[in-house]
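Input: a single structure, listed below in structure tokens.
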Amino acid sequence: MSKPSLPQGTRDFGPVVVRKRNYILQTIRTVFELYGYEPLETPAMENMETLLGKYGDEGDKLIFKILNNGLSDAKNIEKGKAAFENVLLGKNDKNLTERALRYDLTIPFARYVAMNYGQLALPFKRYQIQPVWRADRPQKGRYREFYQCDADVVGSKSLINEVELCIIYATVFEQLGIDVTIKINNRKVLAALADVTEANDKFTAITVAIDKLDKIGIDKVKEELAANGLQDKQIAVIEKYISITGNVSEKLQALQILIGQSESGKAGIEALQYVTDSYLQYTGKQNLELDTTLARGLNYYTGCILEIKANGVQMGSIGGGGRYDDLTGLFGVPNVPGVGISFGVDRIYDVLEELNAFPAFTNSSTQVLFFNLGLQESSAAFTQMQLLRKSGISCELYHENAKFDKQFKYAEKKQIGHIVIIGTKELEQNVANVKNLTSGKQQTVPFSELATYFSNL
RNA sequence: GUGGUUGUAGCUCAGUUGGUUAGAGCACCAGAUUGUGGUUCUGGGGGUCGCCGGUUCGAGCCCGGUUAGCCACCCCA
């Protein structure tokens, strides 16, 4: 038998890692609930037609497809062979695969809203924390199976939602102890830029290029724009745009001059003005930054777009989101606008690890280990242990009568803070010897006071 | 999908121009030590050198293929 292994790009999460991840997820979940968002879960797999065509050509290639069952049945063999020929041509065929693993949480959410539109109390605010799958090649911070952690509100055009989502970001990262900058921009501003540049047909190319500014620098951006067929005159306008600097109001003023005459530009500037003003008014924080070069790849965004940068850490964005006008239109229910945000759990984990910012309690769940010193002794220990457990103190009894050395090492390895020794001497007097493994101090505690002793630690 | 790089004990890694029986540290097990761990000492178990093939009298080392990890590009979280 060959060595067991994992599929490419997937991971096991051991006890220590799960505990730390749960801490992150629980923090996010609690804040979502605090702001009135409701939980939703959707299946790991969706029908192929639900997913295809929603993420662009690149996206379609990265969808994990599920092979149909029963292909070897006599009646299916011919259909299967024909379907396979289709697949070899790069097409999809229902006779070979009609289901696929979900690629993100937003499209399944849109599908859910479209299916339940009549029953939902609008606006519908939901959060969803589940894994998604992509047939991408793994690299740093990038996996084939990873968790997304989304909050969206659909059925409302109000910019109050944008403001609240920014505050949710700020609250979560404050609770996690990560100093962040929330970057905001608006796709309408970008559309206006394409408009005044007279390059509406090159909108995607422009956004993709300027999004890379901080990564590759202005010269490479200009090269990329030229490679995409933009004239020098047009590139000059774009250069003017990405050179905008200053604080929020200075940037907005500069935008006003550059693209304020365009309908779309005006709307985008107004939205940015409102969201940044309100955010400052409600939080008093200065960490919401207008970043005119923020573009974000996903093409369904139509309004404000957001991205989170952790300060003082070398790491890509740890969250992002934005407004989309008509996602459910893809499923036959038009005119349901929405806006949402997403947390990058894996990267947040890496940031906390790098900052050494996980709280101590994430290290171990067991607080107390009862030593096993024989049949009589361990029986008494078990009785005391159950009393502690009733008081909410997590504890365990060493599984067999082993040497002290072994029992100590077990406690040490599991980072259990205290051990309890009940031997024949202690048994006679109804007391236990309690040792704090961190300080090395030991004291004798009567059985009747054990629970109070540990509760008061 | 394209390219680079790595794969030797549970973990981190040595291994000379190809040459007897592949090593170290940590971890593990046993003893010194039958009710007080973390230190120390002694001994021990553990390997298809990722996998398949080729060159050679002889391959951990050279060549080809393959697979997995890591990294970069495309794209994205």
Side-chain angles (χ1 to χ4, degrees), chain A residues 1-11 14 55-63 90 102-106 129-150 204-205 207-209 211-212 215-216 220 224 227 295-299 301 306-310 315-322 340-351 369 371-374 377 381 398 401-427 432-444:
Chain A
M1 206 173 80
S2 61
K3 277 186 188 172
S5 63
L6 285 172
Q8 188 180 45
T10 66
R11 300 158 292 168
Y55 309 105
D57 292 344
E58 276 304 315
D60 282 356
K61 284 185 207 158
L62 298 180
I63 293 172
R102 76 164 101 74
Y103 180 87
D104 72 356
L105 300 179
T106 310
I129 301 175
Q130 288 188 280
V132 302
W133 293 270
R134 293 186 188 176
D136 206 354
R137 184 171 290 201
Q139 54 175 289
K140 191 180 182 68
R142 198 174 194 182
Y143 304 95
R144 288 185 148 185
E145 178 186 65
F146 62 97
Y147 272 74
Q148 286 195 333
C149 196
D150 285 18
T204 303
T207 57
V208 169
D211 196 39
K212 295 179 185 167
K215 205 171 164 187
I216 63 175
K220 285 268 164 75
E224 187 166 327
R296 289 189 67 74
L298 290 173
N299 275 323
Y301 287 129
L306 296 164
E307 201 161 281
I308 305 299
K309 172 83 183 74
M315 180 77 64
S317 79
I318 55 176
I341 58 171
S342 180
F343 287 82
V345 180
D346 295 287
R347 287 184 177 176
I348 292 172
Y349 183 98
D350 290 344
V351 169
L369 177 71
F371 272 26
N372 188 327
L373 302 184
E377 294 88 339
Y398 196 79
N401 179 8
K403 297 204 304 189
F404 266 48
D405 180 69
K406 270 203 135 170
Q407 307 200 36
F408 268 119
K409 280 193 171 146
Y410 179 79
E412 197 183 345
K413 201 157 197 170
K414 283 193 75 173
Q415 302 196 48
I416 297 171
H418 294 81
I419 56 134
V420 171
I421 298 170
I422 300 172
T424 31
K425 276 184 292 181
E426 289 84 358
L427 206 47
N433 269 321
V434 178
K435 182 163 183 174
N436 179 328
L437 289 193
T438 322
S439 66
K441 282 183 187 149
Q442 182 168 318
Q443 61 180 294
T444 308

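All values below were derived from every heavy atom in this structure, side-chain atoms included, with hydrogens, water molecules and symmetry-related copies excluded. Lettering of chains follows the sequences in order, A, B, ..., and the numbering in each one begins at 1.
Residues meeting the salt bridge (Lys or Arg N to Asp or Glu O under 4.0 Å) test with A:K403, sequence neighbours left out: none. Not a single salt bridge (Lys or Arg N to Asp or Glu O under 4.0 Å) links A:K220 to another residue, sequence neighbours left out. Shown here are the side chain to side chain donor-acceptor pair (under 3.5 Å) partners of A:N372, two or more places apart in sequence or in another chain: there are none.
Phosphate contact (OP1/OP2 of B:rC70, side-chain N/O of A:Q139, threshold under 4.0 Å): absent.
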Please produce a list of atom pairs where a protein N or O lies less than 3.5 Å from an N or O of nucleotides 34-37 of chain B.
| from | atom 1 | to | atom 2 | distance (Å) |
| --- | --- | --- | --- | --- |
| B:rG35 | O6 | A:T424 | N | 2.8 |
| B:rG35 | O6 | A:T424 | OG1 | 3.3 |
| B:rG35 | N1 | A:E426 | OE1 | 2.9 |
| B:rG35 | N1 | A:E426 | OE2 | 3.3 |
| B:rG35 | N2 | A:E426 | OE2 | 2.5 |
| B:rU36 | O2 | A:K435 | NZ | 3.2 |
| B:rU36 | O2 | A:Q442 | OE1 | 3.2 |
| B:rU36 | N3 | A:Q442 | OE1 | 3.0 |
| B:rU36 | N3 | A:Q442 | NE2 | 3.3 |
| B:rU36 | O4 | A:Q442 | NE2 | 3.0 |
| B:rG37 | N7 | A:K435 | NZ | 3.4 |

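Remark: the separation of the C1' atoms in B:rC11 and B:rU21 is 25 Å, to the nearest Å.
A:E224 places its CD atom 12 Å from the C1' atom of B:rC73, with the value rounded to the nearest Å. Whole-Å rounding puts the A:E307 CD to B:rC76 P distance at 11 Å. Atoms CD1 (A:I216) and P (B:rC75) sit 10 Å apart, rounded to a whole Å. Nucleotide B:rU2 holds its C1' atom 12 Å from the NZ atom of A:K61, rounded to whole Å.
Residue contacts for A:G374: at a heavy-atom cut-off of 4.0 Å it reaches no nucleic acid atom on any strand shown. As judged by a 4.0 angstrom heavy-atom cut-off over every strand, A:R347 is placed among residues touching the sugar-phosphate backbone only. Heavy atoms of A:G320 sit nowhere under 4.0 angstrom from any nucleic acid atom. Residue A:F343 is out of contact with every strand shown, counting any heavy-atom pair closer than 4.0 Å.
Identified under the salt bridge (Lys or Arg N to Asp or Glu O under 4.0 Å) test for residues 137-146 of chain A, with sequence neighbours left out: A:D136-A:R142.
The aromatic rings of A:Y103 and A:Y55 lie tilted to each other, with the angle between the two planes from 30° to 60°.
Helical stems in RNA chain B, defined as runs of 3 or more consecutive Watson-Crick or G-U wobble pairs with donor-acceptor distances under 3.5 Å: B:1-7 with B:67-73, B:10-13 with B:23-26, B:28-32 with B:40-44, B:50-54 with B:62-66.
Between A:Q148 and A:Q8, the residue anchored nearer the 5' end of RNA chain B, judged by the nucleotide with its closest heavy atom, is A:Q8.
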